[in-house]
Amino acid sequence: MTVTRVLVVTAVAAERDAVVAGVAGDGGVTGDGAAACDGGAEIVALPAGGYALHRVRTSAPPPHAQAGAVLDVLAAGVGPAAAAAGTATALTAGICAGAGYDLVISAGIGGGFAPGPDAGSPGAPVGSAVVADAIVAADLGAETPDGFLPVTELGFGTVVHLPPPALVRALAAATGAARGTVLTASTVTGSAEHAARLAARHPRALVEAMEGFGVAEAAAAQGLPVLEIRTVSNPVGPRDRAAWRIGDALGALSAACAALPRVLSAAGTPTSWRTP
């Protein structure tokens, strides 16, 4: 059997458990010889950092019955720095164990942008799912008297990672998710004014979250492709906790992740994902 190894990185345990529930509900089975947790995952301790993977093994349905996947789900912490550190630790541990990964996925909930004034800015309503076709660091740069400058305009680094287009299209089609830009911010938006500034700078932005770019940086450092899946718990803008629908967003995240085994088994060889 051809086995694809995937690392899925979330911020918090609730997101991790939602991913595990979705994947396990689509054919996941508990492996032998390891402690099991709710949802049918093995718990695998990493040798550094105090991290633990929640591992689900899947078998593909016909006509891809000779393919399967191992999905390791890690709750790495909140924010791009914690996400990058946890992702890098898990990827390095896999290499050292002789079981490197083929794909890295950032998954979780986030804030959805309101529709813009034109057809190119459809927005992402609460409860909806989004698959990123661009993962963008929204606040990596410098404030100037003339406005924000991304770090690339200062002569450093990068601010964009592009997931493999074929995988993005396949996952969006399988889940009914929208495709668009997902922003990563170290400080989430709390005002209508800042939401408007972000939307103006990034007119294709659908979701604001806090980890995707960190996950993508760690994946890129090892030459691995990355995806980002987000479901929307609240609008981007003023913080109104009473209007948040975290439970609905976690349920939508489970539903979206249930499609992962089918999509991966039908997506071709992992080496084909590395070139957008």
Problem set entry | Short side-chain to backbone donor-acceptor contact, Ser233 and Ile246, under 3.5 Å | no
For this session: Flag the pair Leu250 / Asp17 as yes when at least one side-chain heavy-atom distance between them is below 4.5 Å, and no otherwise.
Result: no
Problem set entry | Point-to-point distance, once rounded to the nearest 0.5 Å, from CG of Leu227 to CD1 of Ile135 | 7.5 Å
For this session: Answer with yes or no whether the hydrophobic clustering places Met210 together with Val104; edges join I, L, V, M, F, W, Y residues whose side-chain heavy atoms lie under 4.5 Å apart.
Result: no
For this session: Please lay out, stage by stage, how Arg57 and Glu42 fare under the test side-chain contact (heavy atoms from CB on, under 4.5 Å).
Result: CA-CA 9 Å; Arg57 304 178 189 272; Glu42 305 169 16; 3.0 Å; yes
Problem set entry | Non-hydrogen side-chain atoms of Leu264 and Asp102 separated by less than 4.5 Å | no
Exercise. Could you give the distance from CG (Leu53) to CZ (Arg16), rounded to the nearest 0.5 Å?
Worked result: 10.5 Å
For this session: Provide the closest heavy-atom pair for Pro238 versus Ala192 in the form atom of the first, atom of the second, distance.
Result: CD-N, 3.6 Å
For this session: Indicate the atoms forming the closest heavy-atom contact of Ala138 with Leu183, along with that distance.
Result: CB-CB, 4.0 Å
Exercise. If only atom types and distance count, is the side chain of Thr92 paired as donor or acceptor with the main-chain N or O of Thr89 below 3.5 Å?
Worked result: no
Exercise. Has the side chain of Arg245 got a donor or acceptor atom that lies under 3.5 Å from a matching backbone atom of Gly127?
Worked result: no
Exercise. Taking a hydrophobic cluster as the set of Ile, Leu, Val, Met, Phe, Trp and Tyr residues connected by side-chain heavy atoms closer than 4.5 Å, whether directly or through intermediates, do Val263 and Val168 fall within one such cluster?
Worked result: yes
Exercise. Charged N to carboxylate O below 4.0 Å: is that the case for Arg230 and Glu208?
Worked result: no
Exercise. From Leu154 CG over to Thr144 OG1, what is the distance, rounded to the nearest 0.5 angstrom?
Worked result: 9.0 Å
Exercise. Nearest 0.5 Å, what's the CG-CD1 distance between Leu71 and Ile105?
Worked result: 6.5 Å
For this session: Decide yes or no for Leu103 and Leu167: does some side-chain heavy atom of the first lie under 4.5 Å from some side-chain heavy atom of the second?
Result: yes
Exercise. Under 4.5 Å between any side-chain heavy atoms of Leu171 and Ile229, yes or no?
Worked result: yes
Exercise. Which heavy-atom pair separates Ala21 from Ser254 by the least distance, and what is that distance?
Worked result: CB-OG, 4.1 Å
For this session: Answer yes or no: does atom CZ of Arg239 have more than 12 heavy-atom neighbours from other residues, nucleotides or ligands under 6.0 Å?
Result: no
Exercise. Would you say Asp248's side chain and Val126's backbone share a donor-acceptor pair under 3.5 angstrom?
Worked result: no
Seminar exercise, completed: For Ala124 and Val207, the nearest pair of non-hydrogen atoms, with its separation, is CB-CG2, 4.4 Å
For this session: Indicate, with yes or no, if Ile95 and Val226 share a hydrophobic cluster defined by side-chain heavy-atom contacts under 4.5 Å among Ile, Leu, Val, Met, Phe, Trp and Tyr.
Result: no
Problem set entry | Asp72 and Arg55 ion-paired at < 4.0 Å | yes
Exercise. What distance do Arg197 atom CZ and Phe148 atom CZ have between them, rounded to the nearest 0.5 Å?
Worked result: 11.5 Å
For this session: Determine whether Arg204 and Asp133 make a side-chain contact, defined as any pair of heavy atoms from C-beta on separated by less than 4.5 Å.
Result: yes
Exercise. Are Val12 and Trp244 linked, directly or through other ILVMFWY residues, by side chains that come within less than 4.5 angstrom of each other?
Worked result: no
Exercise. Heavy atoms, side chains only, cut-off 4.5 Å: are Glu211 and Thr184 in contact?
Worked result: no
Problem set entry | Minimum-distance pair of heavy atoms, taken over all atoms of Ser186 and Asp139 | N-OD2, 2.9 Å
Problem set entry | Shortest non-hydrogen separation from Thr175 to Ala256 and the atoms involved | CG2-O, 3.4 Å
Exercise. Between Ile43 and His54, is a side-chain contact (heavy atoms from CB on, under 4.5 Å) present by the stated rule, with each step listed?
Worked result: CA-CA 5 Å; Ile43 300 176; His54 287 225; 4.2 Å; yes
Exercise. Is it the case that one hydrophobic cluster holds both Val44 and Tyr101, taking links as side-chain heavy atoms less than 4.5 Å apart, direct or via other members?
Worked result: yes
Exercise. So, Glu15 side chain and Ala11 main chain: donor-acceptor pair closer than 3.5 Å or not?
Worked result: yes
For this session: State which residue, out of Leu7, Leu91, Thr87, fulfils the side-chain contact (heavy atoms from CB on, under 4.5 Å) condition with Leu224.
Result: Leu91
Exercise. Roughly how far, to the nearest 0.5 Å, is CZ of Arg169 from CZ of Arg179?
Worked result: 6.5 Å
